[in-house]
K.L.:
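Take a look at the following structure, please.
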Amino acid sequence: MQKLLETFLIGLSTGSIYALMSIALVLVWRSTRVVNFAQAGQAMLSTYIGFEIATRTEIFWLALIIAIAAGALVGAGVDYFFMRVLFKHAVSGPAAVVAPVIATLGLLGLVRSIVGLVWGGEFKSIKAPASTDGFTIGETTLPFSPLNLLIIVTVFIILIALAIIFQRTNLGLSLRASAYAPEIAQLAGIRTARTRTIGWAIAGGVGGVAGMLNTASNFLSPYSLDLLLVFGFIAAVIGGLESMVGSVVGALILGIALTFILNYVGTSLVFIGGFVVLIAVLLLKPDGIMARGKVRRA
Amino acid sequence: MRKKLTLFILLGWILLLIGDRVDELRVYQGAQIAMYAIALSSIVLLTGYSGQVSLGNGAMMAVGGYAAALTLNNLGGPVWFAFVMAVFVSALFGAFLGAAAARLSGPYLAGTTLALAVGLPEIANQFDFLGGVPGLLFDVGFPPERLGEEFTQYKWFFWIATFLALLSLFITSNILQSRYGRTWRAIRSNSLAAELSGVHVGRMKILAFTISSAIAGLAGAVLAMTISLVAPGAYTLALSFALVTGAVLAGVSSLPGVVFGALILVAIPEVADVLATRWGGDENLNNYLPGLIVSVLLILSVIFTPNGPGEKLKSRHHKKG
Amino acid sequence: HAETGVSSSEIKLGITLPLTGAASPGYNKIGNAMNAYFKYVNDNGGVNGRKITLIQKNDEYSPQLSIAKTNELVLKDKVFALVGPLGTANYTSVHKSVGIAKRGVPSLFLNTGFSGFGNKKTYPTSFMILPSYAMEAKIMAKFLKENYAGKKLGIVYQNDEFGIDGLGAFKAAGTKFDVSVAYTSGTQSAATAQTWVSQLAAGGAQVVVFFGVTSATAPLLAVAAAAKYAPQWILGSVGADPLTLRALGVPLAVLNGALTPAGNPSPNDTSDEYVKQFQEINTKYNTGTAFDDYVLQGMNIGLMTVQALRAAGSNPTRKGLISAMENKGSTFASVAYSPLGYSKTSNVGHTGYYMAVMDANGDRKPFGGKVTLYTTDSGSGPVVVSTFKRPAMPAKGLPNN
Amino acid sequence: MSLNVSNLTVHHGAICALSQVSIAVPTGKLAAIIGANGAGKTTLLRTLSGLKTPTNGSIMWKGEKIAGIKPEALVRRGISHVSEGKSVIPELTVRENLELGAIWRRNAKESKESIDQVVSIFPRLGERLQQRADTLSGGERQMLAIGRAIMAKPQLLLLDEPSLGLAPLVVEQIFQTIRDLTTSMNLTVLLVEQNAMGALKIADLGIVLNLGKVVAMNHAQVLIDDPAVRAAYLGY
Amino acid sequence: MHLMSTNNAALRVEGVNVSFGGLRALNDVYLEIGKNEVVGLIGPNGAGKTTLFNALCGLVKPDSGKLFLDGKKQDFPRTSNLVDLGISRTLQGVGLFGDLTVLENVMVGAHHLASSGLLSAALGRSGKDEKEMRTKSFSALERVYAGGLANRRADTLSYPDTKRVAIARALVSEPKILMLDEPAGGLGSQDIEWMNLLIRNLSASMSVLLIEHHMDVVMSVCSKLYVLNFGEVIASGNAETVRRDPAVMAAYLGTGAK
Ligand SMILES: Nc1ncnc2c1ncn2[C@@H]1O[C@H](COP(=O)(O)OP(=O)(O)OP(=O)(O)O)[C@@H](O)[C@H]1O
Ligand SMILES: Nc1ncnc2c1ncn2[C@@H]1O[C@H](COP(=O)(O)OP(=O)(O)OP(=O)(O)O)[C@@H](O)[C@H]1O
Ligand SMILES: [Mg+2]
Ligand SMILES: [Mg+2]
């Protein structure tokens with residue numbers, strides 16, 4: 001019973017970090033129709049910047065804020081200097097489906113190399129902002145710590161903030177409109193290019209949080225966020241890519257499922273477990289758990 | 001058709017001549033190029049034609065590689081039988097995968113295949129007969145004696161890989177030029193309209209997956225041959241990504257382009273290495289410059305010739321009317 | 001005629017190792033350490049007047065890249081020999097595909113403890129240096145039996161060569177683990193470590209053997225400390241480097257009292273003549289790099305390489321180098337306490353370990369106050385306490401054999 | 001003249017879609033633009049709304065040159081364009097599609113009022129405010145597209161084939177609505193139509209395009225009575 | 001109330017019901033098309049016309065309803081089986097394959113003519129099939145006077161030409177029933193005349209069911225009309241009668257329709 005509870009709680013906390021990454025991916029997908037594989041790189045770069053601040057000032061929260069700002073800046077920069085150019089050139093033809101994927105993969109490699117050039121390959125770590133000592137209930141100490149709790153709470157605050165922005169504000173409507181139909185949005189007076197850049201910036205900031213929180217309990221290297229990206233993406237797909245709530249639910253499902261596999265089946269099935277969870281969800285709901293009834297009009 | 005066959009045979013002959021005239025390193029790289037050409041053609045078929053974006057062709061290659069190694073190590077038999085089994089087993093695998101994938105589109109499919117690319121090779125760790133991390137040996141043996149003393153192992157790899165590449169490219173190009181290729185392009189362009197034209201869209205998508213997987217499986221077995229083993233570490237996510245990259249450099253929907261794409265995949269790291277050494281000095285520079293150069297090249301080519309270098313040339317000739 | 005990779009002024013050597021990527025921490029220092037030592041030797045006249053050049057190639061721990069890079073080393077750069085290639089799967093495939101044995105390329109001091117490489121028939125030109133994982137497990141098993149009989153035992157192991165080699169040896173030695181946790185290389189993280197710890201704690205393991213890499217030791221220890229789970233740790237030699245652990249954010253205090261099998265003296269033990277000399281070289285030729293087990297290991301491979309080259313004579317050939325290893329290899333000076341097993345019929349290097357206790361600074365001292373060296377083989381041979389005395393460090397660290 | 005286009009030339013790549021087009025529409029007037037498929041009608045509207053940059057020529061709107069200005073800026077100057085083919089965003093709800101039209105004004109209250117206005121013009125939309133636009137029928141989408149343009153409180157309204165795919169009754173209503181809007185809101189309207197007769201009937205002014213050139217421009221009634229126009233564009 | 005005139009009409013549906021969530025899109029709809037007859041389906045926007053087409057084409061699953069082809073009762077078809085049943089349909093949007101040539105577009109519709117399988121394709125031995133498909137497709141293009149467009153890429157065509165090609169693609173499978181969704185939509189008056197002519201010619205060899213808002217077209221080509229409103233058939237019969245029906249005028253035509 002205790003193992004069950006532990007597994008669940010750890011899964012929840014793991015899933016929360018996946019959730020941040022998947023929210024970032026969903027945001028970019030919704031504003032640009034691109035699955036941004038460079039998100040891992042952007043998050044990593046912002047985390048390295050956060051790392052510098054954290055080691056110099058020893059104030060995690062300051063580092064976090066700067067990492068968010070850096071993430072937003074990097075995100076905006078990627079869109080401004082890179083995606084805009086890409087879309088000017090690569091809009092049609094058979095490559096249209098893969099070009100953005102490749103471009104962002106290339107960008108991931110680029111950021112990784114730059115980080116490697118600047119910081120080298122050594123593993124770094126950041127001191128966690130909350131105790132990593134497990135909560136103690138009576139005699140037993142759970143492997144679930146205040147840091148885990150903090151992660152979960154942070155994710156939910158971010159989620160709620162984003163949901164409000166998206167569903168209740170003009171910015172949200174502009175973001176969605178620019179994503180779905182840029183030309184119509186333009187004709188409605190929306191500065192679509194700027195709006196999309198804002199979308200990228202928000203995603204970059206969220207990615208920065210994901211990187212920082214991930215690094216608070218793990219180490220940081222030019223490769224350390226790759227798995228987070230993969231699981232974040234899987235979570236986003238489970239959630240249907242369009243819906244932020246969906247991606248969070250997807251991430252939590254994934255986090256909990258993987259932790260159960262880890263705890264009850266064995267580590268070597270973890271990766272394939274991700275695949276199985278995904279396939280299972282998609283076979284039941286091909287457009288993700290949040291898909292509405294299929295609309296098919298001819 | 002006869003013309004094409006002649007062309008392929010001629011090409012094979014020229015390649016053999018070249019193989020005799022370059023040093024061993026190049027011969028080995030030639031085998032790698034052949035392997036990548038096969039692998040890239042599986043993506044051209046799947047993504048360029050049927051429009052299904054797969055990031056998991058590395059996993060399909062793994063299936064082929066393991067099938068070949070298990071066949072050779074357990075059933076024995078001639079080497080060609082191992083390659084046939086690689087094709088067969090991965091086709092079967094592709095059919096299963098395709099049945100699930102046919103319901104998915106765009107990024108959903110990409111996400112699923114990505115998960116597969118990460119997860120599948122790890123299965124090897126779960127079952128003893130797959131050899132765990134060290135993997136299984138895959139030894140196609142020494143070249144036949146009658147080819148002479150001078151005939152090296154690498155030249156033997158090169159011969160086998162080139163033969164298989166030409167064969168699979170010949171078959172693939174025939175399929176792509178037939179009604180199958182046309183139907184796939186139609187589905188990619190407008191699947192609803194295709195369905196109304198009587199196309200069994202689901203079935204055709206599964207077929208594309210099956211064939212693509214079979215080709216990828218062959219490539220996986222060729223890869224296993226050139227590294228003499230199958231191991232999870234040989235079929236990583238990085239491989240899957242490299243393949244998609246190569247496919248874009250090749251111009252996703254151009255079959256002849258795959259040779260170019262394969263050439264680049266083999267050449268870029270080497271060129272980058274040379275540059276890194278030239279400008280080198282600092283250790284981080286040595287380690288990360290190659291990656292930097294590859295990424296920049298990739299980004300530039302995706303921005304400026306997203307449909308491959310062939311497109312740029314073609315569009316010079318006939319502008320869209 | 002001149003031998004490949006040897007000119008009147010230079011001997012070219014090559015190594016493949018992960019300089020970047022997930023597997024690189026720690027290992028990426030080995031090449032530079034070797035290089036530092038070679039530079040030191042070069043500045044002091046080289047080997048019979050020839051300078052040693054070491055070409056390092058990054059294989060990112062992928063077998064394909066290992067092969068491609070080794071091909072470059074052997075076919076393009078035309079190195080005389082490989083020294084210290086790293087990784088079990090990597091070397092297995094390199095050996096087969098590049099045809100190391102067939103081409104007669106000497107491949108010295110493999111940086112892997114996989115016992116399979118001790119097969120002299122399959123690997124006639126390759127030479128191990130590390131005691132095998134099987135040896136390590138056998139020695140641990142004996143130690144467990146002698147010191148922790150009746151305690152509940154747990155093990156966390158990496159589900160690959162460690163598993164095949166180590167777990168097999170534990171089984172053969174009759175060690176039964178009450179809790180056994182396997183993990184797959186690459187999956188290690190704080191989250192996975194939490195599940196290991198909860199399994200170990202739930203099973204009530206009092207002594208936990210760890211058989212994996214450092215990037216897994218770190219989250220394991222950190223999470224266990226956080227959960228206030230404190231068994232007697234016995235950390236395998238591969239994953240116990242304190243400096244790397246500290247870089248990974250593990251407070252060194254949790255290492256206090258942990259046991260580890262060790263072959264070399266502690267890298268902080270300046271009373272050791274090898275360590276002292278290597279540290280000096282490191283300060284001068286590898287400036288800015290902290291002196292740890294990996295650097296020590298790299299320097300030592302350098303030292304042994306130079307002895308092997310000297311032993312091969314003033315006009316070294318590949319054949320000559322191999323027979324020098326077979327005939328004189330077992331007499332080479334090496335920092336490790338255990339004897340070297342090289343002979344005409346064996347390519348096994350060091351053959352034993354002593355148990356060490358770590359302290360709160362990550363430093364290690366021999367268990368029980370003095371080195372008790374156990375030696376054994378990778379097969380069914382017994383584990384015995386050895387009285388072997390290692391050769392002295394050549395004067396100034398410059399071999400004169 | 002509030003809208004004054006002179007010598008406008010526009011290319012799609014190598015194709016010359018408009019050549020030396022000059023037209024003038026006074027404030028508050030409704031001009032119908034007719035012409036065969038491919039005559040360049042859509043291209044003209046897209047150029048006026050800023051979606052397309054002209055190769056040559058000038059566009060004056062209320063005395064200012066606007067050629068080359070981005071569409072999102074032109075909306076702020078009162079130019080609204082309902083593009084060809086039911087320009088709605090399928091993924092958004094009907095209400096969101098409407099809100100979009102008024103978004104640049106950043107005024108929630110006005111936006112609400114405008115929605116009420118649109119609903120009073122197209123009651124059908126009122127019933128479906130919470131539905132996603134991709135569940136609407138063809139005609140409903142066209143209403144929504146026009147509704148969105150009205151939300152922007154335009155002064156110059158560019159309509160590209162609003163009657164496309166609509167039932168005759170609705171076509172009649174929409175034409176009537178367009179006429180009424182023109183008068184009541186003192187709009188200047190450019191109405192591109194294949195339904196030439198219907199369009200000319202409500203228009204003040206008729207412009208006939210052929211192969212990228214203006215071949216006739218006159219009072220609408222004059223064009224209706226012109227036998228050549230009747231034969232070529234009105235079908236009798 | 002729906003009396004069935006002939007028992008072996010080319011197509012007949014009865015009691016078709018379709019709902020989307022709470023919305024009743026089709027309510028007890030019936031319809032009948034005789035051989036070589038051109039039947040028009042009209043009605044206000046959102047009345048359910050396209051939905052009925054979708055139900056007939058397997059794109060929407062009806063909640064209930066019966067379908068007869070040539071007097072034989074059938075299940076509602078799956079989309080990919082339509083061609084085998086002798087039904088072809090064009091889309092309300094045009095739906096050409098933009099990056100294929102015009103001829104290839106039509107050949108996609110002709111693939112049922114092929115008898116050779118994957119293996120012969122792989123070995124490059126499907127040349128005979130290809131040739132036959134090419135010939136058939138070309139003659140379908142000629143039927144719509146678009147033979148000259150064969151080698152153009154479909155996305156470079158003018159709008160009226162795309163309509164021709166779409167019809168050619170539907171024709172190449174030699175359907176017994178051709179369903180056209182707003183064939184005249186967006187066409188100018190000259191092209192509309194051409195379309196009228198084409199539809200009349202086609203009816204010599206097949207039955208045609210068409211949705212159209214262009215009353216000129218409807219009146220000049222249809223021998224029978226069904227009028228849908230709010231998912232129900234509110235009138236049916238010959239064109240003149242329906243046109244005068246007050247319910248139809250109120251719901252659909254309006255008073256000013258010419
Ligand atoms: N994006 C484009 N690329 C190339 N050519 C184009 C493009 N858009 C339009 N054209 C060409 O420009 C010319 C004018 O087209 P336009 O769409 O303006 O005509 P239209 O009068 O609106 O026709 P319709 O009544 O069919 O809508 C045509 O020859 C058309 O083929
Ligand atoms: N998938 C769906 N989900 C919800 N409602 C739908 C769906 N498809 C159609 N509808 C509704 O069903 C009704 C009928 O739509 P349909 O497309 O059949 O109309 P139509 O008669 O073809 O109209 P038009 O002439 O404008 O094309 C409309 O009110 C539409 O909103
Ligand atoms: Mg137009
Ligand atoms: Mg319709």
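Below, chain A is the first sequence line, B the second, and so on; all start at residue 1. A quick note: this is a predicted structure, and the numbers were derived from the prediction, not measured.
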K.L.:
Is Glu104(E) close to chain B through its backbone or its side chain, or both, or neither, when contacts mean heavy atoms under 4.5 Å?
P.N.:
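Both the backbone and the side chain of Glu104(E) come within 4.5 Å of chain B.
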
K.L.:
Using a heavy-atom cutoff of under 4.5 Å, enumerate the residues of residues 54-62 of chain B that contact chain E, numbered in order, or state 'none'.
P.N.:
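Within residues 54-62 of chain B, near chain E: nothing under 4.5 Å.
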
K.L.:
For atom NZ of Lys66(E), is the number of surrounding heavy atoms from other residues, nucleotides or ligands below 6.0 Å larger than 12?
P.N.:
no

K.L.:
With heavy-atom distances below 4.5 Å as the criterion, would you say the side chains of His200(B) and Asn81(E) are in contact?
P.N.:
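In short, these two side chains touch, coming nearer than 4.5 Å.
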
K.L.:
Please report the interatomic distance CZ(Phe53(E)) to CG(Leu196(B)), rounded to the nearest 0.5 Å.
P.N.:
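Spacing of CZ (Phe53(E)) from CG (Leu196(B)) equals 11.0 Å.
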
K.L.:
How many angstroms lie between atom CG of Asp129(E) and atom OG of Ser178(B), to the nearest 0.5 angstrom?
P.N.:
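It is 10.0 Å, given to the nearest 0.5 Å.
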
K.L.:
Could you pull out the closest heavy-atom pair between Val108(E) and Ala186(B), with the gap in Å?
P.N.:
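Closest heavy-atom pair between Val108(E) and Ala186(B): CG2-CB, 3.7 Å.
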
K.L.:
Counting C-beta onward and ignoring hydrogens, is there a side-chain heavy-atom pair between Leu192(B) and Leu59(E) closer than 4.5 Å?
P.N.:
yes

K.L.:
With a 4.5 Å heavy-atom cut-off, do Asp99(E) and Arg188(B) have their side chains touching?
P.N.:
yes

K.L.:
Would you mind checking which part of Ile211(B) comes under 4.5 Å of any heavy atom in chain E, side chain (CB onward), backbone (N, CA, C, O), both or neither?
P.N.:
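Side chain only.
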
K.L.:
Within a radius of less than 6.0 Å around CZ of Arg203(B), do more than 12 heavy atoms belonging to other residues, nucleotides or ligands occur?
P.N.:
no

K.L.:
Run the salt-bridge test on Arg182(B) and Glu130(E) with the 4.0 Å N-O cut-off and return the result as yes or no.
P.N.:
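Judged by the 4.0 Å cut-off on N to carboxylate O distance, Arg182(B) and Glu130(E) do form a salt bridge.
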
K.L.:
What part of Ile87(E) is in contact with chain B, defined as an atom under 4.5 angstrom from a non-hydrogen atom: side chain, backbone, both or neither?
P.N.:
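For Ile87(E), neither part sits under 4.5 Å from chain B.
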
K.L.:
If you measure from CZ on Phe97(E) to OG on Ser197(B), what distance do you get to the nearest 0.5 Å?
P.N.:
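The distance works out to 4.5 Å.
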
